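Predicted model only: the values in this text are computed from it and were never measured. Both backbone and side-chain heavy atoms feed into the values below; hydrogens, waters and symmetry mates do not. Order of the sequence lines sets the chain letters (A, B, ...), proteins ahead of strands, with each chain counted from 1.
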There are 2 protein chains.
Amino acid sequence: MSLSPKIKLASVGNINCSTCSLSSLCLPVSLNNDEALRLDDIVEKSKPLHKGDALFRQGDPFTSLFAIRAGSLKTYSINEKGEEQVNGFYFPGELVGLAGIDSGSYPMTAQMLETTTVCEIPYTRLDDLSGQLPELRRQIIRSMGREIRYDQQMMMLLSQKTAEQRVATFLLKLSNRYSMRGYSSHSFRLTMSRNEIGNYLGLAVETVSRTFTRFSSQRFIIADGKELEIINEHELMVAAGESHGPECSSVNIV
Amino acid sequence: MSLSPKIKLASVGNINCSTCSLSSLCLPVSLNNDEALRLDDIVEKSKPLHKGDALFRQGDPFTSLFAIRAGSLKTYSINEKGEEQVNGFYFPGELVGLAGIDSGSYPMTAQMLETTTVCEIPYTRLDDLSGQLPELRRQIIRSMGREIRYDQQMMMLLSQKTAEQRVATFLLKLSNRYSMRGYSSHSFRLTMSRNEIGNYLGLAVETVSRTFTRFSSQRFIIADGKELEIINEHELMVAAGESHGPECSSVNIV
DNA sequence: CGCATGTTTGACGATACTCAATGTGTGTGG
DNA sequence: CCACACACATTGAGTATCGTCAAACATGCG
């Protein structure tokens, strides 16, 4: 259940919301310096959590939102039949726990995929503060709106796309998210297993594996275990079924 | 694009948020009388919209949230390839448009399934008011949290359930929503077509139709066109794959 | 170094899609 | 009020995609 010996590192580690390199991706995005400092005041930085550790578990009382500082995690829920369902993967700057806001308890477990540090944002204090800072209030709303849109894109993927399209879409989206965080968009390390990818995409592990193999032999990607390189982004986009999107011979009307 | 000749019916029709029969399902749920009156002040009731009419269209600038007063609608988006994807169905007391909050424009179209009236809630005014009424602010957040959880349940359905389980789950969920609104939970009229159901559930029309037929011949339901009767809820729950849920010989531990 | 966990590959089969034809209802206009 | 057209719904036949089962292989952790 949350971070048991809570350690406020802000004063020690010299990091706070207004100077954080992730502020442009995180809650402080539209806050001025003073507002960010007030937000920082209620935020508690965690010590590093390790692979497999849970940030919160399904059913735990809802107390906080968490912003990821470094690392990555997955969220999953357990259905009636005891099966695991991966709901999402989260990277630095992203907010975890929003789904618990209205229900009093977290509807899923958040579990580290690697060594990860997070910022804990106690919700009652955030709620108070958001009454005083309209920009913060709007930013919370925006974060939730974005989550809703992501989920709906995911529903589209699950209900309309083939296995191949799903995997291609997944890889391109990861690529995008990495690049937004300043990492290479064409070469990165998958922090999740094939099993977790398959579960997330609604596919059997074997199907994910076969699709990776196929994309490799088509020279769209180079997949060496968890290391992944995108060597033909264009073809991967075609495979994702988004060919009619951003290209068309480099002419972009609109 | 929204409701062109906006007509404020509250004073005429003698309905307002504090007396609305849907207030327990809608934004006013946790507001006191005075607060509900202030909310009512910014809400504009629509004249009836007809089947096929659009409340807003994908790409329209985001201006308002809408609460359904009577009737029902579907939301859908058009993907890159021009295919329609039904995102959800909405019934009285439910809030439509939340997904547009952070993006400046509605990411989908909302289209009436039957004659429907809605309450329009201009977002800038709602935002202002939510700065003054903490309970309203929390209620908006709760509505969004609920939407996120619904979407995640939907993702679970799409990635893990068979056609039969999807259709059964869909019917039971409709049943629940109708019963929460004071309608019969075992006998109701489907306001959407088989095509729309299939699209929503990620199934071909034919599969939906076949599943209806199978459930009928198994005497779980009686389906006569759009009229639907659930005559064996228990078996339908089993078919939905939720058998280990609320029953177990009527003993409910926890 | 060894066991456990994760990954790949193959063979087979089932579920659900596509195509096609027929049946049913709804709304429109004569 | 009826007839017609159109959209919707149902049913059947054939097939493809993806899941299941199984086994070999790789990886990584203790």
Side-chain angles (χ1 to χ4, degrees), chain A residues 50-53 74 81 83-86 111-115 157-171 189-218 221-228 239 241, chain B residues 50-53 74 81 83-86 111-115 157-171 189-218 221-228 239 241:
Chain A
H50 300 99
K51 181 172 177 171
D53 290 353
K74 67 169 173 177
K81 292 188 287 292
E83 295 156 355
E84 180 175 321
Q85 159 71 23
V86 175
Q111 189 178 40
M112 308 306 138
L113 295 171
E114 60 186 320
T115 302
L157 177 143
L158 291 170
S159 71
Q160 296 195 331
K161 297 202 172 192
T162 64
E164 193 159 285
Q165 291 173 325
R166 292 182 204 191
V167 174
T169 303
F170 176 74
L171 293 178
R189 181 167 229 285
L190 300 170
T191 56
M192 68 293 290
S193 71
R194 302 284 193 273
N195 219 315
E196 287 160 340
I197 295 173
N199 186 308
Y200 177 60
L201 296 177
L203 301 171
V205 206
E206 295 93 330
T207 305
V208 175
S209 182
R210 276 185 251 270
T211 308
F212 271 68
T213 305
R214 194 159 348 114
F215 284 160
S216 292
S217 61
Q218 288 171 306
I221 63 172
I222 297 173
D224 175 24
K226 304 231 175 218
E227 287 300 329
L228 194 109
Chain B
H50 300 101
K51 181 171 178 174
D53 290 352
K74 67 169 172 177
K81 292 189 287 293
E83 295 155 356
E84 179 174 322
Q85 160 71 23
V86 175
Q111 189 177 40
M112 307 306 137
L113 295 171
E114 60 185 319
T115 302
L157 176 142
L158 290 171
S159 71
Q160 297 194 329
K161 297 202 173 193
T162 65
E164 192 159 286
Q165 290 173 327
R166 291 182 203 192
V167 174
T169 303
F170 175 74
L171 294 177
R189 186 175 173 75
L190 301 170
T191 57
M192 68 294 289
S193 70
R194 302 284 194 273
N195 220 315
E196 288 160 340
I197 295 172
N199 186 308
Y200 177 61
L201 296 177
L203 300 171
V205 205
E206 295 93 329
T207 305
V208 175
S209 183
R210 277 185 250 271
T211 308
F212 271 68
T213 305
R214 194 160 345 116
F215 285 160
S216 291
S217 61
Q218 288 172 307
I221 63 172
I222 297 174
D224 175 23
K226 305 232 174 217
E227 286 300 329
L228 195 109

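One interatomic measurement links the two molecules: CD of A/Q160 to C1' of C/dC17, which rounds to 14 Å at whole-angstrom precision. Between the CG atom of B/L201 and the P atom of C/dA16 there is a distance of 12 Å, given to the nearest Å. Taking atom NZ of residue B/K51 and atom C1' of nucleotide D/dC6, one finds them 13 Å apart after rounding to whole Å. What separates CZ of B/F212 from P of C/dT24 is a distance of 18 Å, to the nearest Å. Residue B/L158 contributes atom CG, which lies 19 Å from atom P of C/dT15 at whole-angstrom precision. We find that CZ of B/R214 is positioned 13 Å from C1' of D/dT10, with the value rounded to whole Å. Atom P of nucleotide C/dG6 and atom NZ of A/K74 are separated by 9 Å, given to the nearest angstrom. Rounding to whole angstrom units, CD of residue B/E206 and C1' of C/dG23 are separated by 15 Å.
Here the side chain of B/Q165 pairs a donor or acceptor atom with the backbone of B/T162 at under 3.5 angstrom.
Considering OG1 of A/T213 and CD of A/E206, their distance stands at 12.0 Å, rounded to 0.5 Å.
Of the candidates D/dC8, C/dT7, D/dG12, C/dT7 carries the atom nearest the A/S193 side chain, counting heavy atoms from C-beta on. Closest to the side chain of A/V205, out of D/dG19, C/dT8, C/dC19, is C/dT8. Nearest to the side-chain atoms of B/A163 among the listed nucleotides C/dT8, D/dT20, C/dA16 stands C/dA16. Here D/dG28 is the nucleotide among D/dG28, D/dG19, D/dT11 with the atom lying nearest to any side-chain atom of A/R189.
Heavy-atom distances to DNA chain D give each of A/L203 and A/D224 a nearest nucleotide, and the one nearer the 5′ end belongs to A/L203. Both A/G202 and B/R194 lie near DNA chain D, and the one whose nearest nucleotide falls closer to the 5' end is B/R194.
Contact annotation: A/K226 side-chain N/O to C/dT7 OP1/OP2 distance is under 4.0 Å. At D/dT11, one or more side-chain N or O atoms of B/T213 fall inside 4.0 Å of OP1 or OP2 (strictly under the cut-off). Contact between the side-chain N/O atoms of B/T207 and the OP1/OP2 oxygens of C/dA16 is not found at any separation under 4.0 Å.
A/K81 has its side chain out of reach of B/Q160: every pair of non-hydrogen atoms, C-beta onward, lies at least 4.5 Å apart. In this structure, B/L203 and B/F170 have side chains that are not in contact, with every pair of non-hydrogen atoms separated by 4.5 Å or more.
A donor N or O paired with an acceptor N or O is not found under 3.5 Å between the base of D/dG19 and the side-chain atoms of A/R210.
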* Do A/K51 and A/E114 pass the salt bridge (Lys or Arg N to Asp or Glu O under 4.0 Å) test, and can you show the C-alpha distance, the side-chain angles, and the key distance before you say yes or no? -> CA-CA 4 Å; A/K51 181 172 177 171; A/E114 60 186 320; over 6 Å; no

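Note on A/G198: nothing from the nucleic acid sits closer than 4.0 angstrom, heavy atoms only.
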